[in-house]
Amino acid sequence: MGRQHVGHSEIATFAGAKVNLPQDVASKYRQQVRGLRDRLKAHLDAHPNFSLKKMLLSGSLAKGTALRSLNDIDVGVYVAGSSVPDDIGGLLDYIADKIVEAYPNVTSDQLTRNTYSITLSFKGSGLDVDIVPILYYGDPDWRGDLVSQDDGSFLETSIPLHLDFIRDRKKAAPNHYAQVIRLLKYWSKQRKDEDASFRFKSFMIELIMAKLADQGVDFSDYPEALQQFFTYIINSNLSERIVFNEHYDFADVECSDVLQIIDPVNAKNNVARLYTSANVNAIVDAAEAAGDAIDWALSAPTKTATVEAWQGVFGPTFQV
């Protein structure tokens, strides 16, 4: 009975109204970053030895998985040269100076140095761009050493390869793959709002979804797709290694952490390396609660009961 009250179309409508970043806003944000990138390219053309080599949009806006609540944009800035500091503090100060040099309209008061990144704030739009440095050594795939936002360690990465990884899964399930990720990120955000200790990185959600996509899971029915995700977490207890072999062999992975979700571009980077057993148990418990809520939603006898069940997944903003 419950599906006649809330099914795929109702979840899709909710996503469009409450979850997804509107297309016009996303386009405006991307245009702002393109402007930054084009100005950097012009500066590079005039100063070939300039140490900032490339600026690339990354994160959820680049992947098409941004939520309506997005309040800053992630970009990676590739830095190269013998004069570039290799300590975090010195590197951030260096990049801040170079940004002011490359962008004459940017003033130092628009730059805020964070622990592992720099935020560039636009006075007109109020938009914040979070700039993460990547030490670059000339790799054609734009591999470089990213400053981890978790602990400031340097991790090899490639923004283009990461974006290709997501795009390949999106091509196999146009619209639906990215939409289910956004719904799950919204669910996770509700848990974090309820419990500040709850941890579940968006990148981890994306990689679990990638595993399910590679296994042939159909994402075209949103209640069923969400249930597939939660069922995987419950049945696996997140105890099995999640790994992909597009850019390295399975044998290259050496990891003994409690939770193992391996970066598809870097075999040495366990995305979940800082997660404890308590963190894992909290994710599994949250998945069980969400799965039970969806089960009840799909069989509830009344519209009121069905909506209340879905509110157990998405919070009180869920309405039909």
Side-chain angles (χ1 to χ4, degrees), residues 54 56-66 74-78 116 132-151 153-185 188 199-219 225 228-229 232-233 236 238-275 279-280 283:
K54 199 176 190 69
L56 290 177
L57 180 63
S58 61
S60 61
L61 187 63
K63 297 173 185 175
T65 61
D74 296 325
V75 300
V77 171
Y78 285 80
Y116 304 124
V132 178
I134 301 173
L135 297 178
Y136 180 58
Y137 306 107
D139 183 86
D141 288 324
W142 288 94
R143 290 181 181 271
D145 290 337
L146 169 79
V147 178
S148 168
Q149 298 303 285
D150 288 331
D151 58 8
S153 61
F154 284 97
L155 300 169
E156 185 179 87
T157 192
S158 166
I159 292 175
L161 293 182
H162 272 130
L163 295 181
D164 287 345
F165 177 87
I166 292 294
R167 288 191 190 109
D168 288 345
R169 274 77 188 171
K170 289 171 69 176
K171 287 177 185 176
N175 302 317
H176 301 310
Y177 176 75
Q179 182 60 83
V180 176
I181 288 176
R182 289 192 292 268
L183 287 164
L184 288 165
K185 287 171 61 175
S188 179
R199 302 179 63 202
F200 200 4
K201 279 185 191 176
S202 295
F203 193 25
M204 290 162 58
I205 291 174
E206 292 169 4
L207 294 181
I208 294 173
M209 280 288 292
K211 175 182 175 65
L212 296 178
D214 292 353
Q215 292 177 341
V217 171
D218 182 2
F219 301 121
Q228 291 265 26
F229 179 88
Y232 170 78
I233 290 177
S236 69
L238 291 179
S239 61
E240 65 179 21
R241 176 182 290 172
I242 295 175
V243 62
F244 306 88
N245 66 342
E246 285 156 70
H247 298 290
Y248 51 78
D249 294 329
F250 291 135
D252 294 336
V253 177
E254 297 179 0
C255 182
S256 58
D257 296 324
V258 171
L259 179 56
Q260 300 180 29
I261 302 180
I262 311 301
D263 185 330
V265 172
N266 180 0
K268 296 180 180 179
N269 178 27
N270 175 20
V271 176
R273 70 188 185 282
L274 300 180
Y275 281 61
N279 297 141
V280 174
I283 295 171

Inset, instruction - Mark yes when over 12 heavy atoms from residues, nucleotides or ligands other than Glu254 sit less than 6.0 Å from its CD; otherwise mark no. - result: no
Inset, instruction - May I ask you to test the Lys201-Asp150 pair for a side-chain heavy-atom distance under 4.5 Å? - result: yes
Inset, instruction - For residues Ser148 and Arg273, report the shortest heavy-atom separation together with the two atoms involved. - result: OG-NH2, 3.5 Å
Legend entry - Side-chain heavy-atom pair Val258, Tyr275 within 4.5 angstrom cut-off: no
Legend entry - Side-chain heavy-atom pair Leu146, Phe154 within 4.5 angstrom cut-off: no
Inset, instruction - Could you walk me through whether Phe165 and Val265 pass the side-chain contact (heavy atoms from CB on, under 4.5 Å) test, one step at a time? - result: CA-CA 9 Å; Phe165 177 87; Val265 172; 5.8 Å; no
Legend entry - From His247 atom NE2 to Leu161 atom CG, the distance as rounded to the nearest 0.5 Å: 4.5 Å
Inset, instruction - For the pair Tyr232 (side chain) and Ile208 (backbone), establish whether a donor and an acceptor sit closer than 3.5 Å, ignoring hydrogens and angles. - result: no
Inset, instruction - Would you check if Ile205 and Ser188 make a side-chain contact, meaning some heavy-atom pair closer than 4.5 Å? - result: yes
Legend entry - Beyond-backbone contact of Ile134 with Ile159, side-chain heavy atoms, under 4.5 angstrom: yes
Inset, instruction - Please name the pair of heavy atoms, one in Arg143 and one in Tyr136, separated by the smallest distance, quoted to 0.1 Å. - result: O-CD1, 3.5 Å
Inset, instruction - Identify the two heavy atoms, one from Phe244 and one from Arg169, that lie closest to each other, and give their separation to 0.1 Å. - result: CD2-NH2, 3.9 Å
Inset, instruction - Of all the heavy-atom pairs spanning Gly76 and Ser58, show the shortest one and how long it is. - result: N-OG, 4.0 Å
Legend entry - Sub-4.5 Å side-chain heavy-atom contact between Glu246 and Asp168: yes
Inset, instruction - Take Lys63 and Ile181 through the side-chain contact (heavy atoms from CB on, under 4.5 Å) test and state the conclusion after the steps. - result: CA-CA 10 Å; Lys63 297 173 185 175; Ile181 288 176; over 6 Å; no
Inset, instruction - Flag the pair Phe229 / Leu184 as yes when at least one side-chain heavy-atom distance between them is below 4.5 Å, and no otherwise. - result: yes
Inset, instruction - Answer whether the closest heavy-atom distance between the side chains of His162 and Phe203 falls below 4.5 Å. - result: yes
Inset, instruction - Please report the closest heavy-atom contact between Leu57 and Ala62, naming both atoms and the distance. - result: O-CB, 3.5 Å
Legend entry - Note: Lys211-Asp214 ion pair, threshold 4.0 Å (strictly below): no
Legend entry - Contacts of Asn175 that satisfy side-chain contact (heavy atoms from CB on, under 4.5 Å) - sequence neighbours left out: none
Inset, instruction - For a side-chain hydrogen bond (donor to acceptor under 3.5 Å, both in side chains) with Asp263, tell me which candidate from Thr157, Asn269, Asn270 qualifies. - result: Asn269
Legend entry - Tyr137-Glu156 side chain donor-acceptor pair, cut-off 3.5 Å: no
Inset, instruction - To the nearest 0.5 Å, tell me how far Gln179 CD sits from Lys170 NZ. - result: 11.0 Å
Inset, instruction - Of all the heavy-atom pairs spanning Leu207 and Ile262, show the shortest one and how long it is. - result: CD1-O, 3.9 Å
Legend entry - Expected output: side-chain Asp139 to main-chain Asp141 donor-acceptor under 3.5 Å: yes
Legend entry - Polar side-chain atom of Lys185 near backbone of Thr65 as donor-acceptor pair, under 3.5 Å: yes
